[in-house]
*Asks:* 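My structure is below; once you've seen it, I'll send some questions.
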Amino acid sequence: MTRSDGGCGDQIMQNALQMVYLIPLLPLLGFLINGLGRKQLSKPAISLIGCGTLLVSFALSIWVFLQVKGGNVHTAHYFDFISVGKLNIPFAFKIDQLSSLFLLIITGVGFLIHVYSSSYMQEEKPEHFGRYFSYLNLFIFSMLLLVMGANFVVMFIGWEGVGLCSYLLIGFWFKKQEYNKAASKAFIMNRIGDLAFLIAIFWLIAKLGTVSFDEVFTATNLAKLKTFDITVITLLLFVGATGKSAQIPLYTWLPDAMAGPTPVSALIHAATMVTAGIYMIARSNILYSLAPFTMDIIAYIGLATALLAATIALKQNDIKKVLAYSTVSQLGFMFLALGCGAYTAAVFHVMTHAFFKALLFLGSGSVIHAMGGEQDIRNMGGLSKKLKITFITFLIGCIAIAGIPPFSGFFSKDAILLSAFIKNPVLYGVALFAALLTAFYMFRLLFTTFSGKFRGTHEQEHHLHESPPAMTIPLIVLAILAIIGGFVGIPEVFIHGGDKLGEFLSPVITEQEHHVSHSTEYMLMGLSTGLVIAMIIFAWSKFRNYQRSEATGFGKVLENKWYVDEFYDAAIVKPIKKAGTFFNQVFDNKVIDGIVNGVGRLLHYGSRQLRLVQSGQAGSYILLMVISMVVIFVIQFFIRK
Amino acid sequence: MSITQILFWFLSIVAIFSALMVISSKNPVHSVLWLILTFFSISGHYILLNAQFLAIVNIIVYAGAIMVLFLFVIMLMNLNKETEPQKHKWLRIAGAIAGGSLLLVLVAALKDTDIKHQQALVNTGGIGLIKNLGKELFTTYVVPFEISSILFLSAMVGAVVIGKKE
Amino acid sequence: MPINYYIFLSLALFCIGIVGVLTRRNAIIIFMCIELMLNAVNLLLVAFSKMHYNAALLAGDAATTAGTDGQLFVFFIMVVAAAEVSVGLAIIVMMYRNIHSVDVNFLNRLKH
Amino acid sequence: MNALILSAILGVILMFSGILLKQKAAIRNIAIAGMVLLLVVNIMEMCGTVFFNVNTHGMIVFDRFALLFTTIAFASTLLYLLLSARDMEKVGVNYAEYFTLIFFILCGITLTASFKSLLILFLGIEIISIPLYILTGSDKKNLKSNEASLKYFLLGAFSTGLMLMGIALIYGAKGTFDTASINVFTEGKPSLLLVTGMLLLLFSMSFKVSAAPFHFWTPDVYDGAPTVFTSFMATIVKAAVFIGFIRLFDEAFGLMQPQWKLFVAIIVVATLFIGNITAVFQQSVKRMLAYSSIAQAGFMMMAVYAMNTDAKEGLLLYAVAYSFATIGIFAVLIKMKDYTFDGFNGFAKHQPLLAATTTIFLLSLAGIPLTAGFLSKFYMLKAALAAGNNLWLVIFAVVMAAVSVYYYFRVIQAMYFKEGDAPPIEVSRSFKWTLVVLAVLVIVFGIYPDLILSHLYF
Amino acid sequence: MISLLLILLPLLTGLAAFFIKDEKLVRTWALLTSLATLVVSILGLCCMNDTKYLEYECEWLPSLGASFSLKMDGAAQLLCLLNTIAYPLVFIAGWDKTYKNAKNFFALMLFAQAGIMGVFLAADALLFYFFWELALIPMYFLCSQWGGEKRIAVTFKFFIYTFVGSLLMLISILYLYGQTPDHSFSIESFYNINLTSKQQSLPFWLMFVAFAVKMPIFPLHTWQPDTYEQAPTSTTMILSGVMVKMGLFGLIRWLFPVITGASFMWGDVVTLIAIIGMIYASLIALRQDDLKRLVAYSSIAHIGLLCVGMFTQNASGMQGVMIQMFSHGINIIGLWIVVDWIERKTGTRKMSELGGLAQKAPALTMFFVIIALANIALPLTNAFVGEFLIFNGLLGSFTQYYVWYTVLAGISIILGAAYTLRMIRKVAYGETNEITASVKDISLNGRLALGIIVVLILAAGIYPQPILDLTSGVTDSLVDKFDIIRKALLK
């Protein structure tokens, strides 16, 4: 696994994995074709290209995965991206367990969502349709770069690339300025994180002179780093992650990002992009294991985010907003896991979450589709009769996220809770509470949407219909995955060696062994499951047939998301704008330019005064001459002596 | 105190007094007359300094030709006390102070020069005689002499240009 | 007579001339004052020439012509003065023709 | 020597031609021909052929420096005549006499450039001044002209008085008028008489070159004099007096630098300041040029200040750059009806060629590279820096140069960028071509000054 | 040979252009000649890249110790390439414009090119100063002849500003000349000057001010927005795309190698000023409504970053500057083309009056977005490489506050994203209004120019190594100089 020198050593050319560049290349091609030919191509052609390229790379990813499973991990080096002085940054891909797993998730879920989109976006004009698919492909491309990059810089390229795509896709319907605002907000908040990421990279370069994983994560290099450096670097990287993965304090962009088309929300803002932060930290777990302080920070931030988002989700009425906040909350769980050193658990949850959250989003998409663009759940209800498949799949999704065995969510969330318990029972308690809230608001959503009687307008009711197969099939597939997805990580307590995922990832992820008695483990599982079921029943009793009611008191605070956006606006945005106005109107014009022009004005004034000396009278001229003569004589004879 | 010294003091006082009168008398004609007196006293000094030739020339050229010219002009314009323009009082004072301070400064500066004890006034020596001067003028100083003719020419042409009626 | 006296005398005349220039407005008078200044210079030159002559004599050079140049310079000054006077008076007369005044401050178009 | 005598003769010839010939063209042609002859003869003397060999008893020495400068002066005068001789007709009836006086002035210039005795300097300056009084007043019916000539005369005579007093004191101290023997003093410090005389000479010379605080006559006289003659006296004459200035202070007072350097520095600063600052607010281009000539004098004074080889070369180059540019501008200005800045509005539309050349001249005056003006200023700064620890002076000069850009570019702006109807003026083809030649020369010397300076050495 | 040709070609063709009456003809002439120059510079880049072609020397003013010597190192080659690329782009983009008396316009443009080229090539201080001014004069005439309504005053201010600066530089040059062992202006003898850092301070500041005005660096920038706003856009492109680099190049060739000690000593101060300027300009850009002014202020911010990069005085930072000089030139020309098109078609530059161009002019919007994103240094665009290296250099530099400097500079990057996206949003997105409803998409020549620019952006963004290799020689030598000084001081 040593980085090749120059990239064309024989053993590397022999290595089949050298061909992985095809995986990102195909979506890139799709992007170019669809992007440039969006006027010429017809919709079917566009969707064919969009999905086809992705299908192929999905197939390739499976092949790669099998290769890796067969123990063939490889760093494919292509060319020197930047090489200055001692610093050399190659353009290289790293194919190992972690990346191959993510490859599967991205291409797989991505493919499904492409298929889904091809019918969901039917109403768009061809060129916008093409634009949509080109963006989507571009996103897949950058996401693949992100996970395949063999060093932090290539990773960063993808990192910013996905940010760009999310910007483009949130603002896809660019006629609506508030959508564009949301897009800009997403991009800028990501930028803040990215800056921290960059500084971390620079710090690494300054200390180690290299950024490639293979070299950074070697014992010799890590030994060079002082604890302080490691803490700073890891913290900075984590700040980067908070931007991308919507953690406190940079999470507010994600709910707004729901402005984009629903499949986009499913793909980017639920399944893949937002998990980039987790991937990055998991990727550099060796570094993090050396920075306990950072780990604590991560754990607390993650937990706080999980709780905060969950509380907010309780009172949201926009179906997508609820899902968005639940995403934030779930991401919080993942970070909690990371903070507790349970990297595998985090990755596991990323996977399962990708399944059920994508499922939920697509389901909501199907609902919105059916409701003719209506997103407010207060105007829904009783949809279960009309949208059977959607309802069932949605239900599965909810069960999965709520964490009821044997659905996938249960295993991953359980692993996380366990790790939290091991770190600190208090953490566990809070996390459990958040999990319960999750169950509650998810089922609130489910019941208000599907049960009870319809609360929308009549023509909406008349218009209600089940979505076409192109949309339902992905739902079904994802539903199946949401059910069985958890079986790759069955805890030891049930089956010895059930934790396939853990084994698979063990080469890249080193976790300290933890030991809790089986009884405790059983007890915890039972507790959580029981409470969750109780919560579901409570929600059922409360929202079986929903009555519209104004939120009051605390509920209002929650409905307004703890006024965090308002706070940011007042604390940061407004001052910056004020400063800009001040500099623009006062400082630049009056002060600096004032000085410059003042010199000119002074010149004029001096000139006007000075020419009065030229009185035009010979007498005064001579007088002045004589006086100056006297002065000079005095200087010469009486002063200079 | 020899006779020459007495003469020196006398002439000096006359010169300075008449010079002061030149600048102070209201009537231009009077100033001219006072100025002529000044020139005469200066010529007296020349004689004391055995510069006989210059003394004569001074009287002929200055007191004679030039001052008469002035007198003619003044008469021609019949300037007199009434037509005489007066400077503003303060300006006059300022001028007087300026000139006076210049004198003061110069005198103060030059009162102890390294040559202050050298004698100027002795009755010997004939360099001032026309013979010597002429010899010098037409041998060593012939070139400047010719050049001065150019000066006169230009002055003449100038007078023509300015004076000729159109 | 020490040379200092001559220096002071001519300086005095010279400065009187300057004062005249400064205090009068009649162009002709001003011009006359300038002539006075020139004469002061002449006097000084003659005195100096005499002084240098003496110095040379005392140095023991019996047939010296030291100091001649000074007197010749005076001669040239007179030449120049004459020329100047002719031109100057011409100018003054010309002005008088135009404005019927010899006041130097009367014409004051050119200023600032 | 050739030039000295020939110029005198030519003066006389023209004086009579005024009586004998009636048509002005003939007179003009004689003058120009004479000018060419003068130039040729002078160049021949540079090459070593001397026609008249008069023993000047060491009062006049035609060394390389003097000859080179006189050549420059004659060349500029030739160009000046070619451009502006025609315009003298407008001034008054005494057409021939004007040429006569100009030739006499050239005679004086030759003296001033090559004197070795204070007497010659004095005569030279007087031969320059007296005709100038006349030329200034030559527009007899014009009161401005009268006023100018009266002021010029009174102040000039006054400064002559100062100069004579200075010479007298120096004579008292040294007993000689010969510059070389003035410059030697055995006793450590120069005597008070000498210093006083030197300072008086400094004043009078500063007056003649219109350096502050003895510059007051300049704006009024340049403004009031007929523009044709302003052009002449502002350029060639001023340059000549400067040559006399630097010669005097190099040869006679070279060893007294401690006594005068400070005052020259003060004069430089004052001149630059007053000239540039006052020019900013002027409304008439002619008067602006008068002030600018003061400012340029300030720069030339830096040569006197520095007093080294660079300074001398630079002064020669400056004489060329400044004279050529100013002559060109004045030649155009004479043609204008309206001397105010607004008079130039839209000038470029009607007269693209004149505008272009004028622009080049203005750029040269402003000291923009590629023009002779830049290199001459450059030499000055270089010389001043080489003269010792005086960065402050150089910086000040540079800032003032920046100020000068302000008023020079006002003209360019008016000509090119302002809308206006400058009345179309008709100019002869020869005039245009002479102007172009002048502009080309300005640029050529700006790129390769050695064309001139290489003649300074064998 | 090559170097001489690079100067002579535009100069002579410019002269010739004065005599071409027909507008169409002179336009073609200008384009063709600029292309020829481009070919020459490419020749110098690839096949004739040997000192005997790249260097030229002949006698000029032996008495002054000045000679007409041209030297073409990596940096010079890069910038000459930029210069030669910029001109055809400008001419193509302005193909459908008409100027009153066009011949003067194009002639002056070509003169300016010659002047700029000379600045990049001159290996003699006096010659350098000559060209420095020569580049300025045509610009002055271009701006005040063909500019906007406030052009005269604004351009004059610009002229005075830069003129004062360059005069100060002249003093500095003269001072250094006095210190040269053999009194000569040639760059080698300038490199042989040895002064203590303290003695160097004055000439350093004198010279730096000149360069700072040109760049421009806060607080000497106030000429820039007005000038960019008033000048004819073709000229603005050259001003901001190429001329600005003269200042930076001055640092590279005339300040750092000659006055190394002071450059090191004052590095912190200058960096701080530049960073303040970056944030300052970004904040102002955030509040601009006028497109041109916005671009102008963003340019100030970017140039500030470049200056910071130079003063990191290590390989990474300076290499970053090298590539970023090129990138900034390309990108900002692209931005100007877009802005110019918008102004010409809508008659306004006010973002508040624009909007919805994405519907009317998708192609334009596409280019606009790509270039704008390049402007905020998105990965795989050229600017990313440059800014990455600069920031890396900054954090790795030896100033004791490097962390804070990096963070502060980073803030301006975020702000940069903010105002750029704001610009895109207000101009391209949203509903159309009566002004933008009738806009047509960009014309063919515009597409061509922008297309070339986008290709360059991506090419340099994906595979920047060639450029870095080109300039590595220059930066390495500079780094060595600084290392020596640093060791001397730290001892």
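FYI, side chains are in, hydrogens and waters are out, and symmetry mates aren't considered; it's all heavy atoms of this structure. Remember, predicted model here, so these are calculated numbers, not experimental data.
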*Asks:* With only heavy atoms counted, which part of E/Ile413 is less than 4.5 Å from chain A, the side chain, the backbone, both or neither?
*Replies:* both
*Asks:* Apply side chain to side chain donor-acceptor pair (under 3.5 Å) to residues A/Asp588 and E/Tyr280 and explain how you reach the verdict.
*Replies:* CA-CA 9 Å; A/Asp588 217 39; E/Tyr280 177 82; 2.5 Å; yes
*Asks:* Heavy-atom cut-off 4.5 Å, strictly under: side chain, backbone, both or neither for A/Val153 against chain E?
*Replies:* side chain
*Asks:* Using a cut-off of under 4.5 Å on heavy-atom pairs, state which of E/Asn392, E/Val385, E/Val407 scores highest against chain A.
*Replies:* E/Asn392
*Asks:* With a 4.5 angstrom heavy-atom cut-off, which part of E/Leu220 approaches chain A: side chain, backbone, both or neither?
*Replies:* neither
*Asks:* With only heavy atoms counted, which part of A/Phe582 is less than 4.5 Å from chain E, the side chain, the backbone, both or neither?
*Replies:* neither
*Asks:* Relative to chain E, which segment of A/Trp203 carries a heavy atom at a distance below 4.5 Å: side chain, backbone, both, or neither?
*Replies:* both
*Asks:* With a 4.5 angstrom heavy-atom cut-off, which part of A/Ile199 approaches chain E: side chain, backbone, both or neither?
*Replies:* both
*Asks:* Is there a donor in the side chain of A/His128 and an acceptor in the side chain of A/Arg131, or the other way round, less than 3.5 Å apart?
*Replies:* yes
*Asks:* Any side-chain donor-acceptor pair under 3.5 Å between E/Asn375 and E/Thr420?
*Replies:* no
*Asks:* Sort E/Leu286 into side chain, backbone, both or neither according to what part of it lies under 4.5 angstrom from a heavy atom of chain A.
*Replies:* side chain
*Asks:* In terms of side-chain geometry, is the basic nitrogen of E/Arg293 or E/Asp226 positioned less than 4.0 Å from the acidic oxygen of its partner?
*Replies:* yes
*Asks:* With a 4.5 angstrom heavy-atom cut-off, which part of A/Leu87 approaches chain E: side chain, backbone, both or neither?
*Replies:* side chain
*Asks:* Less than 4.5 Å to any heavy atom of chain E: does that hold for the side chain of A/Asp194, its backbone, both, or neither?
*Replies:* neither
*Asks:* Please tell me whether E/Thr436 and E/Asn433 have a donor and an acceptor in their side chains that are separated by less than 3.5 angstrom.
*Replies:* yes
*Asks:* Please flag which part of A/Leu195 lies under 4.5 Å from any non-hydrogen atom of chain E: side chain, backbone, both or neither.
*Replies:* side chain
*Asks:* Heavy-atom distance under 4.5 Å to chain E: side chain of A/Leu198, backbone, both or neither?
*Replies:* side chain
*Asks:* Hydrogens and angles aside, do E/Gln319 and E/Thr471 bring a side-chain donor and acceptor to less than 3.5 Å of each other?
*Replies:* yes
